[in-house]
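Just below is one structure, and these are the notes that go with it.
Proteins get letters first, then strands, A, B, ... in listed order; numbering begins at 1 in each.
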Amino acid sequence: MPIRLYNTLTRTKEPFEPVQPGKVGIYLCGPTVYKPSHIGHMVGPVIFDTIKRYLQWNGYQVTLVVNITDVDDKLIAESQVRGISMAALAEEMTADYMRNLAAVGVDTVDHFPRATAHIDEIVAFVSELIARGYAYVADGDVYFDVSRDPEYGKLSRRSVEEMQGEGGTTAERKRSAADFALWKSAKPDEPSWPSPWGPGRPGWHIECSAMSRKLLGRTFDIHGGGLDLVFPHHENEIAQSECCHGVPQAKYWLHNGLMQASDEVGKIGGRHTRRAEPQPGDQQAQEAGKMGKSKGAAPFSELLKTYSGETIRFFLLSTHYRRPIDFSEERIREVERGLEKFYGLFARYQRVTQKSFYDLPATRRREDGQFEPGQDPFLLEVHTCRERVLENMDDDFNTGGAIGVLFDLVRLLNRYCDEHGLESAPQPQTVAVWERGMFTLRELTATLGLFRAPPQATHAARDELVPRLLDLLVSVRAEARAARNFAAADRIRQGLAELGITLEDRPGGTVWVLPK
RNA sequence: GGCGCUGUAGCCAAGAGGCUAAGGCAGCGGAUUGCAAAUCCGCCAUCGUCGGUUCGAAUCCGACCAGCGCCUCCA
């Protein structure tokens, strides 16, 4: 069964067939690095990291490129405000972006090309467009002549007539409002690079055309980005690249939905807001806005102080990527409680087998994880879960549906553990069957890039003394319980609970759980 | 105004013509437990409204209502 994906170009789901058999090139539009990234910047990278993992697991050799736009009006403005160079600002913000990506487990990106490192390629690209008659020079600027491109508007489905084009001071130099800048002449105090048209800097869209060509070729497989980039960014990229090359730039265009910033009020904002009576003073709270425009868009690094990168990743993957997501901390906390189900099962696995779930090998290829369930009803159900997860993933990377099935699998594994008394009286036979199921959970979560490493140990757990003291308390409490002195036992448990430490009396003994 | 997206339980969310409409969070009942915690079992929706197509629609079509995005160099 083939992988299908939704192509913005055709507005339909299409079977995935790479340009070259077995190889896949993906270009994702990354950030303009002028301020710290917020959670909205993580949506694309997480889904495309997942897509790459999944395609690789399905046997494709995948190259993933995420560009860094490090020259732009906003960078210039911000660097002037802060009194540092544009390069220094870009450096700082790129480092922030990289740390954030690492935290959410995005580590499959092959190239992070920077616009300023590709000025030669950009100048060459612009020159080619001029030579072919698709662009014109105007007073040190270079503009793309939209009227020369009969296909202009095919991605966003707009007609040239309705375009307003870019405003700004350079507008008069353009022949048509819809034309857009390929190269902008520099003002005296602005950073610039030499070019045949005088000192200047690249326009917004050209770096993606130039860098994708360099790293992935004239026609590559998947071009991704946020839904807000469909117009004008991707439309203009297509115009530049396809007029220059005469071949499609990308076969499939994938766009992720945008993160909406709900207010701290949490529940408010978003699609379901139904204002029965417009309450005075309530209006501001009712407005959900796009992260990029919202002043409430906290730096992602701040969010990471409260929630793990894995929680965020799980949150982002628990809905389909094309759907808009309302962000609220309450939602993150709900997701976090769902994650506990997985962590709880991993802890059980450790108790039963003395092995870490995280050490289980993940399959490299889809077919490696296939197995014959035989007649065992448990394994039959595990097998079915696996199929259901893969069906979801094959269908336009439906990670939300896939995660729903993973919860089923977790319940299945817990039930088997309960029913066969694996924690109290493990039998090698049943443990082996259970492990077969755990193995499937391992491989399926790995394809989503989840649970690749144990959650960061808390500060308390890193302290050697804490576990020892807890063990001591637990053993004292065990003696009290043996003597049926439940008052003393409960006092210990209650006291620890007030410190956020949970005690679980299990068949094999008492387990303590530290707060996150 | 133009183009487009969305509306499924208290909240989040999968499903896109036909099995009892996944799953998570919250809640309720039960098993287990000395009591808890964790886990398991059970309960909790006719799919924005109105019409149409169809033997049959949450799923297709139309209208309407509501929210949102782009058309302003925001992923």
Side-chain angles (χ1 to χ4, degrees), chain A residues 8 11 28-32 37-45 66 69 72-74 153 156-159 161-168 180-181 203-205 224-233 236 255-260 266-267 269-275 286-294 297 315 318-320 322-326 328 330-331 333-341 344-345 347-348 388 392 395 398-408 410-411 414-419 423 481 484 486 489-490 493-494 497 502-507 510-511 513:
Chain A
T8 306
R11 311 280 159 112
L28 172 68
C29 281
T32 300
S37 34
H38 58 252
I39 187 171
H41 292 114
M42 298 296 117
V43 179
V66 178
T69 298
D72 165 273
D73 290 355
K74 283 178 303 203
S156 58
R157 312 222 167 168
R158 291 155 201 263
S159 61
E161 296 77 54
E162 67 192 50
M163 309 272 172
Q164 296 303 307
E166 302 164 58
F180 55 91
W204 177 28
H205 321 291
L227 208 48
D228 54 343
L229 296 183
V230 172
F231 188 88
H233 184 55
N236 291 351
H255 292 96
N256 59 269
L258 302 178
M259 179 76 61
Q260 316 276 141
K267 295 259 187 81
R271 302 182 295 285
H272 302 286
T273 308
R274 234 155 251 159
R275 56 191 78 175
Q286 299 255 8
E287 282 170 9
K290 215 169 97 186
M291 295 303 286
K293 285 178 176 169
S294 163
F315 167 64
S318 57
T319 176
H320 185 90
R322 269 190 285 119
R323 194 183 171 106
I325 314 178
D326 285 340
S328 79
E330 184 180 335
R331 287 253 53 230
R333 284 191 289 269
E334 281 177 17
V335 162
E336 198 169 45
R337 284 193 286 272
L339 261 182
E340 297 292 338
K341 276 216 158 60
L345 177 63
R348 276 190 124 173
R388 287 165 59 212
N392 274 291
D395 183 11
N398 187 350
T399 54
I403 284 176
V405 180
L406 290 179
F407 275 103
D408 281 340
V410 168
R411 180 164 4 90
N414 270 318
R415 185 164 61 205
Y416 190 90
C417 187
D418 285 349
E419 285 175 352
E423 283 198 77
R481 290 177 71 212
R484 303 196 67 77
F486 295 121
D490 289 348
R493 188 173 60 195
Q494 182 56 33
T502 311
L503 293 188
E504 301 177 0
D505 295 328
R506 299 187 160 276
T510 298
V511 174
V513 183

Ion pair present between A/Glu336 and A/Arg333, side-chain N to carboxylate O less than 4.0 angstrom?
no
Distance-only donor-acceptor test (3.5 Å): side chain A/Arg481, base B/G34:
yes
Between B/C25, B/A37, B/A75, spot the one nearest the side chain of A/Thr502, thanks.
B/A37
Partner nucleotide, any strand, of B/C64 [Watson-Crick/G-U, under 3.5 Å]
B/G48
For the side chain of A/Arg411, starting at C-beta, report the closest nucleotide among B/C41, B/A13, B/C35.
B/C41
Residue that, paired with A/Pro232, satisfies side-chain contact (heavy atoms from CB on, under 4.5 Å) out of A/Asn236, A/Val230, A/Leu229:
A/Asn236
B/U54 pairs with which nucleotide, Watson-Crick or G-U wobble, both distances below 3.5 Å?
none
Looking at the side chain of A/Arg415, which of B/G69, B/C40, B/G23 is the nearest nucleotide?
B/C40
From C-beta outward on A/Asp418, which listed nucleotide comes closest to its side chain: B/C40, B/A14, B/A75?
B/C40
Watson-Crick or G-U counterpart of B/U59, or none if no pair lies under 3.5 Å:
none
Taking pairing as Watson-Crick or G-U wobble with both contacts under 3.5 Å, can you name the mate of B/G29, or confirm there isn't one?
B/C41
Can you find a donor-acceptor pair, distance only, under 3.5 Å between A/Asn398 side chain and B/G15 base?
no
Nucleotide nearest A/Asn414 when distance is taken to its side chain, options B/C40, B/G23, B/C25
B/C40
Should A/Phe486 be counted as stacked on B/G34, where stacking needs a ring-centre gap under 5.5 Å and an angle between planes under 30 degrees?
yes
Inspect the surroundings of CZ in A/Arg484 and state if more than 12 heavy atoms from other residues, nucleotides or ligands are less than 6.0 Å away.
no
Of the nucleotides B/A75, B/C70, B/U39, which one has an atom closest to the side chain of A/Pro31?
B/A75
Of the candidate nucleotides B/G23, B/U39, B/A14, which contains the atom at the shortest distance from the side chain of A/His320?
B/A14
With both distances kept under 3.5 Å, what pairs with B/G1, Watson-Crick or G-U wobble?
B/C71
Any idea which of B/A75, B/C40, B/A14 is nearest the A/Asn392 side chain?
B/A14
Which part of the nucleic acid does A/Arg493 contact within heavy-atom distance under 4.0 Å: base, sugar-phosphate only, or nothing?
base
Looking only at the side chain of A/Asp505 (C-beta and beyond, no hydrogens), which of the listed nucleotides B/C35, B/A75, B/C70 gets closest?
B/C35
